[in-house]
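Heads up: the structure comes next, in structure tokens.
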Amino acid sequence: MNWLRQLKVRLFPSVTQPMALAIARQVLGQSAASAPLICHARQPAGFRIYGSFPEPCWWVVVPWSDGGGAPVLRSSRVIVVGRQSGNILYDGPAGDEG
């Protein structure tokens, strides 16, 4: 069965960290083209996103682009990118406010 896993990896390579960042930048568009993004290999400890994802993920922390600039107490924004499919599995608050 190990050969099947190796074949799958060769035919469908995993999404790398730079690829996950590029996918997140596509979602953000021009408004956040120069925004600093942080990509985590695992869900950060303070994040409270309930539910599970069908595959391993990259966790990209993104600044909110609402243009407010005023200090506000709120959650971080996170974009969760599937490592196998490259799909956006979640885009929203991380539940880490406070």
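Numbers for residues simply follow the sequence, beginning at 1. None of these values were measured; they are calculated from a predicted model.
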- Sidechain-backbone polar pair: Gln84 side chain, Pro56 backbone, donor-acceptor under 3.5 Å: no
- Query: Is Ile38 reachable from Ile23 through a run of I, L, V, M, F, W or Y residues, each pair having side-chain heavy atoms under 4.5 Å apart?
  - Reply: no
- Same cluster or not: are Val81 and Val61 linked, directly or through other Ile, Leu, Val, Met, Phe, Trp or Tyr residues, by side-chain heavy atoms under 4.5 angstrom apart? no
- Query: Should Arg48 and Asp96 be marked as a side-chain contact (heavy atoms from CB on, under 4.5 Å) after you check the CA-CA gap, both sets of side-chain angles, and the distance that decides it?
  - Reply: CA-CA 6 Å; Arg48 301 288 178 255; Asp96 63 345; over 6 Å; no
- Message: In this structure, is the centre-to-centre distance between the rings of Trp59 and Phe53 below 6.0 Å?
- Response: yes
- Message: Could you check whether Ser85 and Glu55, counting side-chain N and O atoms only, form a donor-acceptor pair closer than 3.5 Å?
- Response: yes
- When hydrophobic residues are tied together by side-chain contacts of less than 4.5 Å, even through go-betweens, does Leu21 share a cluster with Val78? no
- Is the charged tip of Arg83 near the ring of Trp58: under 6.0 Å from the six-membered ring centre and within 45° of its axis? yes
- Message: Side-chain heavy atoms nearer than 4.5 Å, only ILVMFWY residues, links allowed to pass through others: does that put Leu37 and Val27 together?
- Response: yes
- Item | Linked, directly or transitively: Val60 and Val15 (ILVMFWY side chains, under 4.5 Å) | yes
- Item | Taking every non-hydrogen atom, the tightest pair across Ile49 and Gln43 | N-NE2, 3.9 Å
- Message: So which atom in Ser75 and which in Gly95 form the shortest heavy-atom distance, rounded to 0.1 Å?
- Response: OG-N, 3.2 Å
- How many angstroms lie between CG in Leu89 and CD1 in Ile79, if you round to the nearest 0.5 Å? 11.5 Å
